[in-house]
Amino acid sequence: MEITDILGFGNTWFKLNVIDKQLTGIEAKKQQLIFCYFENLLNFSNILFNALENEIKQNEQIKSVILSCTAQNSFFEHRKEETLIATKMFISNQPDLIYAAMFLFVPHLEFCFQRNIDNIGLVASTTKRNGEFSRHSRYMTDIVNNWDEMSQLGFENYEICLLKTLFSEPSEIKAGFNLRNDLMHGAIPLNNINLSFSKLLFFVSLHISRKFLLEAK
């Protein structure tokens, strides 16, 4: 995978100013390091995902272990059925379903973040719009950039950095991938790079499941 593939992700980066050609010096180097990091991360995700698919072919019980982990963690409690469906799609060994899984997973991940923030006594689900209150209207892009809230939810610095880079808008972080918005606006076509991002999101889901499964115990 070439770094140019990542720089072209979503076909909307330049329009949204996610890639700032005017960055110079240390800021430009920081941005390039983030992209190089994600290039490696996507490569590792592909390798691990392919290895997992091979393991599942040899032992179908691995699917049950993954689904059990997803079902028994506390973080996805408010969207358990939807998250389980997305997980089944992730591990279906069918590229079209793996690609489609992220479109199902990300909105429900956002909802789970909102409800879990509510549960620790902070406000994520009542934002006043047009004079009326609407439920669950804070977006993923806003939530992941609130370090205090993310820390109170139990996420560590490296986890917050990863989520910020995946979901941040250009206004918050120049190297943000803006995944949530691109998914919601249909700006992510089916191709190898976006399939790789879907596989990475599976590992994000699995990581959160294991993290909050351990905490639940």
Side-chain angles (χ1 to χ4, degrees), residues 1-11 13 34-73 75-76 79-110 112-113 140 144 155-156 158-168 175-180 182-183 186-214:
M1 184 185 302
E2 300 292 335
I3 190 66
T4 51
D5 292 332
I6 293 183
L7 296 181
F9 168 71
N11 298 324
W13 281 19
I34 290 174
F35 292 135
C36 288
Y37 167 76
F38 263 83
E39 180 191 24
N40 290 327
L41 192 60
L42 290 172
N43 279 328
F44 287 137
S45 293
N46 273 318
I47 293 169
L48 290 173
F49 199 90
N50 291 338
L52 177 63
E53 286 185 331
N54 289 331
E55 289 292 327
I56 289 175
K57 288 177 183 176
Q58 298 176 26
N59 184 1
E60 281 286 326
Q61 290 185 346
I62 295 175
K63 280 188 178 181
S64 299
V65 173
I66 293 172
L67 292 172
S68 176
C69 185
T70 302
Q72 293 180 30
N73 83 89
F75 193 85
F76 295 134
R79 281 291 188 268
K80 186 170 293 185
E81 289 185 12
E82 294 84 354
T83 307
L84 280 169
I85 293 172
T87 303
K88 290 176 183 177
M89 293 167 69
F90 278 128
I91 58 178
S92 65
N93 198 27
Q94 298 181 45
D96 54 343
L97 290 180
I98 296 169
Y99 161 74
M102 63 178 166
F103 288 86
L104 177 61
F105 174 67
V106 170
H108 295 296
L109 176 65
E110 180 178 77
C112 290
F113 266 103
M140 193 74 167
V144 296
F155 289 93
E156 299 180 30
Y158 78 95
E159 295 167 323
I160 299 172
C161 286
L162 173 63
L163 291 167
K164 281 184 67 172
T165 307
L166 280 172
F167 295 111
S168 287
F177 288 90
N178 207 26
L179 262 182
R180 185 265 178 205
D182 276 5
L183 282 166
I188 299 185
L190 175 55
N191 55 36
N192 288 336
I193 184 66
N194 293 330
L195 191 59
S196 296
F197 269 93
S198 193
K199 292 175 181 179
L200 175 57
L201 284 169
F202 164 72
F203 287 112
V204 169
S205 170
L206 195 60
H207 179 86
I208 292 174
S209 293
R210 292 187 63 189
K211 178 182 179 69
F212 287 89
L213 178 66
L214 294 173

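Quick note: residue numbers are just sequence positions, from 1.
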**Student:** Please lay out, stage by stage, how F155 and F113 fare under the test ring-ring contact (aromatic ring centres under 6.0 Å, His included).
**Tutor:** CA-CA 11 Å; F155 289 93; F113 266 103; 5.5 Å; yes
**Student:** Identify the heavy atoms of A86 and A101 that sit nearest to each other, and give their distance.
**Tutor:**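 Looking at all heavy atoms of both residues, the shortest contact is O-CB, 3.7 Å.
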**Student:** Would you list the atom pairs, donor with acceptor, under 3.5 Å between side chains in residues 48-63 and any protein atom, with sequence neighbours excluded?
**Tutor:**
{"residue": "N50", "atom": "ND2", "partner": "N46", "partner atom": "O", "Å": "3.1"}
{"residue": "N54", "atom": "ND2", "partner": "N50", "partner atom": "O", "Å": "3.3"}
{"residue": "N59", "atom": "OD1", "partner": "Q61", "partner atom": "N", "Å": "3.1"}

**Student:** Could you state the interatomic distance from CG (L183) to CD1 (I188), rounded to the nearest 0.5 Å?
**Tutor:**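 Between L183 CG and I188 CD1, I get 3.5 Å after rounding to 0.5 Å.
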**Student:** Taking all non-hydrogen atoms of both residues, which atom of M102 and which atom of S198 are closest, and how far apart?
**Tutor:**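 Nearest heavy atoms, M102 then S198: CB-OG, 3.6 Å.
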**Student:** Taking only residues two or more places apart in sequence, or in another chain, which ones meet E82 in a side chain to side chain donor-acceptor pair (under 3.5 Å)?
**Tutor:**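 E82 satisfies side chain to side chain donor-acceptor pair (under 3.5 Å) with no other residue.
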**Student:** Under 3.5 Å, side chain of S68 to main-chain N/O of S64, donor-acceptor pair present?
**Tutor:**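 Pair absent, no side-chain N/O of S68 close to backbone of S64.
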**Student:** Nearest 0.5 Å please: distance from the CZ atom of R79 over to the NE2 atom of H108.
**Tutor:**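 So the gap between those two atoms works out to 6.0 Å.
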**Student:** Kindly state whether the ring of Y99 and the ring of F197 have centres lying under 6.0 angstrom apart.
**Tutor:**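 No; F197 has its ring centre 6.0 Å or more from that of Y99.
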**Student:** Given 3.5 Å as the limit, does a donor-acceptor pair link the side chain of D182 with the main chain of A187, or not?
**Tutor:**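 It does not hold such a pair.
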**Student:** About how many Å separate NZ of K80 and CG of N73, when rounded to the nearest 0.5 Å?
**Tutor:**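 The distance works out to 7.5 Å.
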**Student:** Donor-acceptor check, side chain of S205 to backbone of L201, threshold 3.5 angstrom: yes or no?
**Tutor:**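 No.
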**Student:** Could you tell me the separation between the CG atom of L190 and the CD1 atom of I98, rounded to the nearest 0.5 Å?
**Tutor:**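 Nearest 0.5 Å value for the CG-CD1 distance: 10.5 Å.
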**Student:** Which class fits the ring pair F90 and F202: parallel under 30°, tilted 30 to 60°, perpendicular over 60°?
**Tutor:**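 Ring orientation of F90 relative to F202: tilted.
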**Student:** Looking only at heavy atoms, what is the nearest atom pair of K164 and V144, with distance?
**Tutor:**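 The pair with the smallest heavy-atom distance is CG-O, 3.0 Å.
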**Student:** Going through the distances and angles, do L162 and L166 end up as a side chain to side chain contact (heavy atoms under 4.5 Å, CB included)?
**Tutor:** CA-CA 6 Å; L162 173 63; L166 280 172; 4.2 Å; yes
**Student:** For the residue pair F76 and L109, establish whether any side-chain heavy-atom pair is separated by less than 4.5 Å.
**Tutor:**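 Yes - at least one pair of side-chain heavy atoms lies under 4.5 Å apart.
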**Student:** Within this structure, what is the NZ-CG distance for the pair K199 and L42, rounded to the nearest 0.5 Å?
**Tutor:**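 Going from NZ on K199 over to CG on L42, the span is 10.5 Å.
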**Student:** Of all the heavy-atom pairs spanning S92 and L97, show the shortest one and how long it is.
**Tutor:**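 Closest approach of S92 to L97: OG-CB, 3.4 Å.
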**Student:** For E110 and R180, which heavy atoms make the closest approach, and how far apart are they?
**Tutor:**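 Minimum heavy-atom separation between E110 and R180: OE2-NE, 2.8 Å.
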**Student:** Between CG of L213 and OG1 of T70, what distance do you get to the nearest 0.5 Å?
**Tutor:**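 It is 9.5 Å, given to the nearest 0.5 Å.
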**Student:** Could you check whether any side-chain heavy atom of M89 comes within less than 4.5 Å of a side-chain heavy atom of L104, counting everything from C-beta outward?
**Tutor:**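 Of all side-chain heavy-atom pairs linking L104 with M89, at least one is under 4.5 Å.
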**Student:** Should I91 and I66 be marked as a side chain to side chain contact (heavy atoms under 4.5 Å, CB included) after you check the CA-CA gap, both sets of side-chain angles, and the distance that decides it?
**Tutor:** CA-CA 9 Å; I91 58 178; I66 293 172; 4.2 Å; yes
**Student:** For L67 and L84, work out which heavy atoms get closest and say how close.
**Tutor:**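 Closest approach of L67 to L84, heavy atoms only: O-CD2, 3.5 Å.
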